[in-house]
Amino acid sequence: MTDTTLGQPRLKHQKQDRSKDSITSTATAFILAGATATGKTAVAQILAEQMGCSILSADAMLVYKGMDIGTAKPTVADRGDIPYAGIDLVTPAEPFSTGRWIESATSVLKAFGQQQPTTGTHTVTPQGKPSLIVVGGTGLYIKALTDGMQSAVAPPGIREKWQLVFDHSGISGLQSELRQRAPEAFASFPDPSNPRRLLRALEQLETMGTLPGQWKTNSASATTVIVLSLPREQLHRRIARRVDQMFQTGFIEEVRALRKAYPVWSATAAKAIGYEEVCALLDNTLTQEAAREKMIIRTRQLAKRQETWFRHQTQAHWLMLTEHDTPHAIAERVYELWRHYGPTTIHIPG
RNA sequence: GGCGAGGUAGCUCAGUUGGUAGAGCAGCGGACUGAAAAUUCGCGUGUCGUCGGUUCGAUCCCGACCCUUGCCA
């Protein structure tokens, strides 16, 4: 089959990377990405059923238990018999991070790694061998998976320390701290007015002695992610429709119940699109029409940022869709592309 | 119908003592290494309601008209 010949150079390339890092094992997965509301969840479900795969969600908001309607999480009925990982990992009261997601993903991959051949013939559906579909819109999670994120858990207190610097002396405080510690790195810092990145850079510098730089495995050229995309105007229409559906299917009630169960939410969960607005609605600081409007706008802006990420940060094959394409038809096209590219090899850390 | 206020970017508005105009939001593009649905950077020509008048020159002053809005009838 043509799959294997196409897959060959990639495998060689990745084996080289593997030797210079202390990565012990690999797994393979098919990766499906795309902006929010492009329909990737339904497509992944169909493909998982047809191929006998499990699904690993790469989405920063599906990790929260109970945040279902507003995150467009597939329902239990939607999921059928397909095992899902990467969802319902923590409560909205707990903070979450990319690191925690990788941790969780790693344990999933380990289970799959043992069942997968590391080299040789990869077919799209290895007979009798369950395979993994990674689906999601959080580009950083996918890239962390495919390219290997430098790992270091900062000891508690360090971020707080730098946060304090920021609170007291603002962005210029962080800038001068970084300039002092790493002048040449600061000079070429990509966006020096971004407090998050400055803060994280200082945190990492203190913890690991290095700044964020090279990805661990430079396999971007070998990884092909399928990205679903709709024309902007059609996507905007779908977003508006989906937000209205959320309200019609009890979104406000969901948020009300969640607040009762968890009076205080983590900073990450509290910023979720829709949840922030409906909380404001319940606090009477926003009308329902204003909440709806704001949700639609924020979702559109998210979608735009997601597409920017996939355009520039991942080796992607874009699948241009129309709103008239059915999930089954899309699934068929994705399947063909997966046949063509073969699965992506993922290095499992540890 | 009378009196007042207003009609400027997709929206909300600022402004020009007359030399053809700029903010916020939206939109578009970019960045992104453990907060990522986060955070952050860049991009502003639009018959200044319409038609006349005054003027070297009008979006600005004057007149008429159209539309919106408030109060009084």
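The figures that follow rest on heavy atoms only: side chains count, while hydrogens, waters and symmetry mates do not. To find a chain, count down the sequence lines: A is the first, B the second, and so on, and within it residues start at 1.
Only the P atoms considered, B/C43 is 13 Å distant from B/G22, to the nearest whole Å. For the P atom pair drawn from B/A36 and B/G42, the interatomic distance equals 24 Å after rounding to whole Å. B/G49 and B/G15 have their P atoms separated by 15 Å, given to the nearest Å. Here the separation of B/A73 from B/G10, taken at their C1' atoms, is 39 Å to the nearest Å. The same atom, P, is picked in B/U59 and in B/C3; the two are 28 Å apart, to the nearest Å. Across B/G46 and B/U12, the matching C1' atoms stand 16 Å from one another, rounded to whole Å.
Judged purely by atom type and a 3.5 angstrom limit, A/T322 has no side-chain atom pairing as donor or acceptor with the backbone of A/D325.
Nucleic acid contact for A/A267: none, since no nucleic acid atom lies under 4.0 Å from a heavy atom of the residue. Heavy atoms of A/R300 sit under 4.0 angstrom from primed sugar atoms or phosphate atoms, though from no base atom. Here A/F96 lies in heavy-atom contact (under 4.0 Å) with sugar-phosphate atoms only. Across all strands shown, A/G70 has heavy atoms under 4.0 Å from base atoms, whether or not it also approaches the sugar-phosphate. Contact annotation for A/T71: base contact, defined as any heavy-atom pair under 4.0 Å involving a base atom. Residue A/W309 is classed as a base contact, given a heavy-atom separation below 4.0 Å to a base. The residue A/Q301 sits close only to the backbone: its heavy atoms come under 4.0 Å of sugar-phosphate atoms, none of a base. Contact annotation for A/L140: base contact, defined as any heavy-atom pair under 4.0 Å involving a base atom. Using a 4.0 Å heavy-atom criterion, one finds that A/R305 contacts the bases of the nucleic acid, with or without backbone contacts as well.
Closest-nucleotide positions on RNA chain B for A/G99 and A/I273 were compared, and the one nearer the 5' end corresponds to A/G99.
The aromatic rings of A/F186 and A/F189 lie parallel to each other, their planes meeting at an angle below 30°, with 60° marking the opposite boundary.
Listed by chain and number, the residues in a side-chain contact (heavy atoms from CB on, under 4.5 Å) with A/I296 are A/I239, A/A240, A/V243, A/R292, A/R300 (sequence neighbours excluded). Residues satisfying the side-chain contact (heavy atoms from CB on, under 4.5 Å) test with A/S176, not counting sequence neighbours, are A/R179. When the side-chain contact (heavy atoms from CB on, under 4.5 Å) test is applied to A/P74, the partners found at least two apart in sequence or on another chain are A/T41, A/L62, A/D78, A/R79, A/Y84. Take A/E332 and apply the side-chain contact (heavy atoms from CB on, under 4.5 Å) test, not counting sequence neighbours, and it matches no residue.
Straight-line distance from the CZ atom of A/R232 to the C1' atom of B/G27: 9 Å, rounded to whole Å. The CE atom of A/M67 sits 12 Å away from the P atom of B/A38 (whole-angstrom rounding). Residue A/K304 contributes atom NZ, which lies 15 Å from atom P of B/C32 at whole-angstrom precision. For the pair A/I239 CD1 and B/A37 C1', the interatomic distance rounds to 12 Å; values are reported in whole Å.
The base-pairing partner of B/G18, taking Watson-Crick or G-U wobble contacts with both distances under 3.5 Å, does not exist among the strands shown. Checking B/C51 for Watson-Crick or G-U wobble geometry (two distances, each under 3.5 Å) identifies B/G63 as its partner. Under the Watson-Crick or G-U wobble criterion, with both distances below 3.5 Å, B/G34 has no partner in any strand shown. B/G1: Watson-Crick or G-U partner is B/C72, with both key distances under 3.5 Å. In this entry B/G42 has B/C28 as its Watson-Crick or G-U wobble partner, both defining distances falling under 3.5 Å. The partner of B/A23, taking Watson-Crick or G-U wobble pairs whose two distances both stay under 3.5 Å, is B/U12.
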Give each protein N/O atom lying under 3.5 Å from an N/O atom of nucleotides 41-44 of chain B, with the pair distance.
none

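The local environment of CD in A/E289 is crowded, with over 12 non-hydrogen atoms from other residues, nucleotides or ligands closer than 6.0 Å.
For A/E307 and A/S229, the side-chain atoms include at least one donor-acceptor pair closer than 3.5 Å.
Residue-to-nucleotide contacts include no donor-acceptor pair under 3.5 Å from the side chain of A/N194 to the base of B/U40.
Contacts with RNA chain B (heavy atom under 4.0 Å) in residues 159-185 of chain A: A/R159, A/Q163, listed by number.
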